[in-house]
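Order of the sequence lines fixes the chain letters, A, B, ..., with proteins taken first and strands second; residue numbering starts at 1 for each chain. The figures that follow rest on heavy atoms only: side chains count, while hydrogens, waters and symmetry mates do not.
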Amino acid sequence: MRYNPKAIEAKWQKRWLETKTYEPKLKSAKKPVRQAHAKPFYNLMMFPYPSAEGLHVGNVYAFTGSDIYGRFQRMRGNDVFEPIGLDGFGIHSENYALKIGKHPAKQAKVSEKNFYRQLSQIGNGFAWREHLETYDPDYYKWTQWIFVQMFKKGLAYRKKAKVNWCPSCLTVLADEQVIQGRCERCETEVVKRDLEQWFFKITDYAERLLENLKTIDWSPKVKIAQAAWIGKSEGAELEFPVVTSDKRQETSIKVFTTRPDTLFGATYMVLAPEHPLIENLKLKIKNWEEVEDYIKKSAKKSEIERTAETKEKTGVELEGVKAVNPANQEEIPVFIADYVLASYGTGAIMAVPAHDQRDFAFAQKFNLSVWRVIRKKEAPIKSYLMGAKDVSDKELATLGISIIKKTSDGDRKIIVPKTKLSEYENLVSKKMTPGFWNEYIGEEAVFIFKHKDGSLERLTLTPETEKRIDKLAADFVGEGWSKSSVWKWLAENDWYADLIIHTDPGFLENSGKFDGLESEEAKWEITKFVGGEKKTQYRLRDWLISRQRYWGPPIPLVFCENCADKVRNQESRLRRSFGGQAGIRNIFNKGELENPGWIAVPEKDLPVKLPFVKNFRPTGTGQSPLASVKSFYETKCPKCGKTARRETDVSDTFLDSAWYYLRYPSIGMKNSKIKIKNDNGKYKIVEIPWSSEVTKKWLPVEMYIGGAEHSVLHLLYSRFLTMVFHDWGLLDFGEPFTTFRAHGLVIKDGAKMSKSKGNIVNPDDYIKAYGADALRLYLMFMGPFQDGGDFRDSGIAGLTRFLNRVWKFFSEKSKVKNQKLKIQAESQNLERILHRTVKKVTADIESLRYNTAISSLMMLLNEFEAAPDAVSLEGQKIFLKLLAPFAPHMTEELWSHLKEKGSIHKSAWPVFDPRLIREETFELVVQVNGKMRGKILLPQGVSQADAEKAAKTDPRLRSMLGGIATRKVIFVPGRLINFVI
RNA sequence: GCCUCCGUGGCGGAAUCGGCAGACGCGCACGGCUUAGGACCGUGUGGGGAAACUCGUGCAGGUUCAAAUCCUGCCGGAGGCACCA
């Protein structure tokens, strides 16, 4: 009988479904015991979005890797729950529908069928009963319910802001969906638009999102990405008084800085063009027209335009206005420039050009003073060259000096004639004289000065001196300096900021009484000195949740003019009669009070169904297609009954996927009703979207495997919502996924797969040609699961060959009924290899090193084939069990050939016997001076003396070791012996 | 620019703790079986050398009896962040 994957796979897929092999008893599973082997094991993989023609091979890769882990845990005796569903709502599915000219609702049905067909063929142990689709009203009812709760608790708010707008997808996007200034989905350049939108207050959770990272077992790169995205900075808020030309103080500018230690070096200030203070100072600004013009221009720029030309800074000085440096009372100019972001910190900065790249670039362009206030700690070159802390003018002269003048055709070096040296000495002595600037920048012997006409000159060293330094530099090599790095550091040819300024902390100078203090200490001393305040800033912004598209859950809110008035009036009344808290809070919830006129759709009226609309195309007007559907938006206010208008935007797809893992185990269960505290302090019994009983047993997710591209999207949002639910008392855990592992990327023939390149791998083709088992095996064998791999058609042949050999071996073996062991020695040897393989495969699966697990199974098969008669029935069973997670169909078939009852996938995972692994003898590696010179077979646990003797008497080694005195002998028991002679 | 990860045969990769570099597979070569082979089986396969041996894990150094592995600097690649003060 030949191996026929097609027939076998179809047969077992059908039987597994019939016998519910992969459906754990969700209710009766035992209470989880954390760690090692939790009985109920929630094995989750990221559900796919059915956007393209079918399942991508990248999905198959991820799902196979996740399934192997699940099957392994099942064989270890755990109840494994491995659900799957479709993330079918959202832009990606809608864009696909648009592309092929079909209505998304209709296309969803087609994709659903196709995806589920494909998913049932890849050999995963899915719990099919608990599947879900995000566009199912039974599901999005609860997505909307979550939105309503967020609103009621004041975690959803509406705000007009500059938001990311994708001109191709015709909708706004969250910050997380903008990758390098481009739309995450279509890679179109994102522009800024002023729109009123719904946001979720994820920033309230910034600190916890960051802090909790320490408690979860996730792939480090994902944690790092999240920490960077949250972007915590500790610094200070400092206030700079603003004075006008008549020296009268007008107002003040608040800045946030992480480097208050550089305050004495602040030589100008910059406001973001959107800073509200500019409008207030309008009358005092002498060049208002110019300023206004700049504001308008920068408003039009896209994010990419604003950030692309990093070197070319733009800005306008606010003439007639000066700021006062609170540290030294110097009057400094104030600018507006778009390199300062309105959305971070206070939207204003103090500029310290000597110690910040951007400020330096700006200062160069606008001829502003550069004042160094931080000195580097160590200066090996300088102290070597000069033998002193400061470079003296004389030293300079004796070294010889040349200038590089910047000319139109690049830098040109001119050796300075001796007669001109006095001029330089003059310059050097006029440290920080207005119009001139010279620096011992960092500790480099590089000097730049500025002429009155603004041209820059740089002093460097003559060729003779270069030679001398070269010699000196050679002495430094080995003290943490390579020759090239000494040179790079000393004499790089360009003169841009990266060479001249240094941004590291160090020791203060030119800072009055703070001179000599170390940066870290000086920071807080100076903050105190000027009456500033310690402050923490996060880079994270609130989650923009509304989308101007059709294919998503409508945001379950209603706008009512009448209620808007009520809220506003009540508020002003409350303000007048202080203390009158209670009344209004019983009528309106927090969200309604904070967003006057917006009323939550009552829970009993959910879902707000997405109507079937023929023209579902995005409009581009800043409104969703639903805004033109009268029957949808016309409604009555649920609060007062007057005419009201529904919100016509839908919510972000990532809201759907932020909680799906909570829903799976509760599908088909009764939702729980629990008592929760409302924002007005009263308790209320509410129905929640899951069964608390089942959730307690199965959650949080034990193992989650998915792509790292979701590091700051899905994985961040899920954590946020879980924390929120925890705070509301809906969940008894605050982190959704105990363990998360990011799998690698599959590429094809060394390149990323893309439709335009035509190198897309369609899993259907490969399953048809080779079977799912071979495809699974090949995908996992390509490389370490967490690194991804390069898919090459030629590679799959090797795994097909392997499977054929397994089949052949077991087919022929099963004919031999008499399992009499012919050769004792061989069978002992085999047993040892067998148990070693058990150990290796077990450890490899635990750490997702599937490639090496498969390779050791190949080696075991090689051994089996070399001595087929010595392979016991037990050995055959163990082999099949080890292979079962990788090739579930074939192993199940061969298992049944061995007349085993029940599924191999529910059989017990083999355990190795440590005693059987140990060998009685081992090969001792003999080294001479660290070089391998031979091996000798010795009994396990041999003493050093015996090993030495054996090595010295070994005929092949004798010539090398005989008679020569050894200086030292290193003996590593069980491994090697090294003779140093 | 900053952060993270990674550089090993013709290719994918192995070496999990600093202890035999190149497991396993692909490819290739030769041989067998075959009417035939893009099927199957066997043997070989990092470079140099007839061999003893020697060189060899991106490059240059360092630590060590011993380095692919640790340290320093450079070069190259991938990913993340990107005017975040």
- Message: Rounded to whole Å, how long is the line connecting atom OH of Tyr268(A) with atom P of A85(B)?
- Response: 16 Å

- Message: Just to verify, what does Lys935(A) make a salt bridge (Lys or Arg N to Asp or Glu O under 4.0 Å) with, not counting sequence neighbours?
- Response: none

- Query: Considering only side-chain heavy atoms of Lys968(A), which listed nucleotide, C65(B), C83(B), C53(B), is closest?
  - Reply: C65(B)

- Query: Which salt bridge (Lys or Arg N to Asp or Glu O under 4.0 Å) pairs, counting each pair once, include a residue from residues 854-865 of chain A, with sequence neighbours left out?
  - Reply: Arg805(A)-Glu865(A)

- Side-chain heavy atoms of Leu368(A) within contact of Pro333(A), under 4.5 Å: yes

- Can you tell me how far P of A85(B) sits from CG of Asp359(A), to the nearest Å? 12 Å

- Identify, with sequence neighbours excluded, every residue that meets side chain to side chain contact (heavy atoms under 4.5 Å, CB included) alongside Leu210(A). Leu213(A), Ala227(A), Ile230(A), Lys232(A)

- P gap between C40(B) and A51(B), integer Å: 34 Å

- Roughly how many Å is it from CZ in Phe791(A) to C1' in C11(B), rounded to a whole number? 16 Å

- Item | Donor-acceptor contact below 3.5 Å, side chain Arg975(A) vs main chain Val925(A) | no

- Does a side-chain N or O from Asn862(A) land closer than 4.0 Å to OP1 or OP2 of A23(B), or not? no

- Residues in salt bridge (Lys or Arg N to Asp or Glu O under 4.0 Å) with Arg836(A), at least two apart? Glu919(A)

- Task: May I have the distance from Met858(A) (atom CE) to A14(B) (atom P), rounded to whole angstrom?
- Result: 14 Å

- Task: Can you figure out which of G12(B), C81(B), A85(B) approaches the side chain of Phe781(A) most closely?
- Result: G12(B)

- Item | Pairs touching residues 774-784 of chain A that satisfy salt bridge (Lys or Arg N to Asp or Glu O under 4.0 Å), sequence neighbours left out | Asp67(A)-Arg776(A)

- Task: Tell me whether the OP1 or OP2 atom of A23(B) has a side-chain N or O from Arg836(A) closer than 4.0 Å.
- Result: no

- Item | Asn851(A) side-chain N/O to A14(B) phosphate OP1/OP2 under 4.0 Å | yes

- In 5'-to-3' order, the base (B), backbone-only (S) or no-contact (-) status of each nucleotide in nucleotides 36-41 of chain B, using a 4.0 angstrom heavy-atom cut-off, is ----SS

- Could you state the CD1-P distance from Ile349(A) to C83(B), rounded to the nearest angstrom? 13 Å

- Checking C24(B), C83(B), U4(B) against the side chain of Ile224(A) (C-beta onward), the nearest is U4(B)

- Item | Whole-angstrom distance between A66(B) and G73(B), as gauged at atom C1' | 24 Å

- Checking Tyr268(A) side chain against Val352(A) main chain: does a donor-acceptor pair fall under 3.5 Å? no

Give each protein N/O atom lying under 3.5 Å from an N/O atom of nucleotides 15-22 of chain B, with the pair distance.
residue	atom	partner	partner atom	Å
U16(B)	O2	Arg849(A)	NH2	3.1
U16(B)	N3	Arg849(A)	NH2	2.8
U16(B)	O4	Lys840(A)	NZ	2.2
U16(B)	O4	Asp844(A)	OD1	3.1
G19(B)	N2	Gln927(A)	OE1	3.2
C20(B)	O2	Lys935(A)	NZ	2.5

- Query: Counting side-chain heavy atoms from C-beta on, which of A85(B), C81(B), G25(B) comes nearest to Tyr344(A)?
  - Reply: A85(B)

- Query: Looking for any heavy atom pair under 4.0 Å, which part of the strands does Ser711(A) touch: base, sugar-phosphate only, or nothing?
  - Reply: nothing

- Note on the structure: Stems in RNA chain B, runs of 3 or more consecutive Watson-Crick or G-U wobble pairs with both distances under 3.5 Å, sorted by first number, are B:1-7 with B:75-81, B:10-12 with B:24-26, B:27-32 with B:40-45, B:46-48 with B:53-55, B:58-62 with B:70-74

- Task: Look at the side chain of Asp844(A) and the backbone N and O of Ala853(A), then say whether any donor-acceptor pair between them is shorter than 3.5 Å.
- Result: yes

- Name the nucleic acid region contacted by Gly231(A), choosing base, sugar-phosphate or nothing; use a 4.0 angstrom heavy-atom cut-off, strictly under. nothing

- Message: Suppose you measure atom P in G12(B) against the same atom in G27(B); what distance do you get, rounded to whole Å?
- Response: 15 Å

- Message: What contact category does Pro784(A) fall into here, base, sugar-phosphate, or nothing, at under 4.0 angstrom with non-hydrogen atoms?
- Response: sugar-phosphate

- Task: Please state how far atom CG in Leu745(A) lies from atom P in G12(B), giving the value in whole angstrom units.
- Result: 16 Å

- Taking only the side-chain heavy atoms of Met859(A) (C-beta and beyond), determine which of A85(B), C83(B), C24(B) contains the nearest atom. C24(B)

- List in chain and number order the residues that pass ring pair (Phe, Tyr, Trp, His ring centres under 6.0 Å) with Tyr766(A), two or more places apart in sequence or in another chain; answer none if no residue qualifies. Phe791(A)

- Message: As a test of reading the structure: which of A85(B), G25(B), C83(B) is closest to the side chain of Ser233(A), going by heavy atoms?
- Response: A85(B)

- Item | Rounded distance (Å) that lies between atom C1' of A85(B) and atom CZ of Phe362(A) | 14 Å

- Sidechain N-carboxylate O distance under 4.0 Å for Lys254(A), Glu237(A): yes

- Task: Kindly write out the residues that satisfy side chain to side chain donor-acceptor pair (under 3.5 Å) with Thr203(A), not counting sequence neighbours, or none if the list is empty.
- Result: Asp542(A)

- Message: Roughly how many Å apart are G13(B) and U57(B), using the C1' atom of each and rounding to a whole number?
- Response: 13 Å

- Check salt bridge (Lys or Arg N to Asp or Glu O under 4.0 Å) between Lys968(A) and all other residues, then give those that pass, not counting sequence neighbours. none

- Item | Leu271(A) CG - A85(B) P separation (whole Å) | 18 Å

- Note on the structure: Residues passing the side chain to side chain donor-acceptor pair (under 3.5 Å) test with Tyr61(A), sequence neighbours excluded, are none

- Item | Minimum-distance nucleotide to Arg792(A) side chain [options: G25(B), C11(B), A85(B)] | C11(B)

